[in-house]
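Below: one structure, written as structure tokens.
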Amino acid sequence: MVQAYILIQTEVGKAAAVAREISGIPGVTLAEDVTGPYDVIVRTEANNVDELGKLVVAQIQAVDGITRTLTCPIVHI
């Protein structure tokens, strides 16, 4: 299982709507709008890195109102 946080910047005023829409995507375990340099933080899980990439590119980045994403895979050292 691969888990990651995705940091998202949105268009002005779109953070809550983006978080709400993303929370319904399979593989997303948490989506919250926040303050700071990013507008939404999402926690995801997938079976492998390829599935994670498909989740981010094909589903999350397709949500209207997103301007930029940064994917941060979780590591256990």
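- The side-chain contact (heavy atoms from CB on, under 4.5 Å) test applied to V2 returns V49, L52, not counting sequence neighbours.
- Counting all heavy atoms, side chain and backbone alike, Q61 lies closest to T69 at NE2-OG1, 2.8 Å.
- Between the side chain of T67 and the backbone N or O of Q9, at least one donor-acceptor pair lies under 3.5 Å.
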Could you walk me through whether C72 and I6 satisfy the side chain to side chain contact (heavy atoms under 4.5 Å, CB included) test, starting with their C-alpha distance in whole Å, then the side-chain angles of each, then the deciding distance to 0.1 Å, before giving a yes or no? CA-CA 6 Å; C72 303; I6 302 168; over 6 Å; no
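- T71 and A4 get closest at one heavy-atom pair: CG2-CB, 4.1 Å.
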Throw together a table of side-chain donor-acceptor distances under 3.5 angstrom for residues 25-38, partners on residues two or more places apart or in other chains.
unit_1 : atom_1 : unit_2 : atom_2 : d
T29    : OG1    : R43    : O      : 3.1

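- Qualifying salt bridge (charged side-chain N to carboxylate O under 4.0 Å, His left out) partners for D64, counting only residues two or more places apart in sequence or in other chains: K14.
- Side-chain contact check for L55 versus T44: some heavy-atom pair is nearer than 4.5 Å.
- To the nearest 0.5 Å, atoms CD (E45) and CD (Q3) are separated by 5.5 Å.
- With contacts defined as side-chain heavy-atom distances shorter than 4.5 Å, the pair Y5/I41 qualifies.
- Annotation for A62 and A58: closest pair CB-O, 3.6 Å, computed over non-hydrogen atoms.
- Expressed to the nearest 0.5 Å, how far CD1 of I22 lies from CD of Q59 amounts to 10.5 Å.
- If you take CD1 on I60 and NZ on K54, they are separated by 15.0 Å, rounding to the nearest 0.5 Å.
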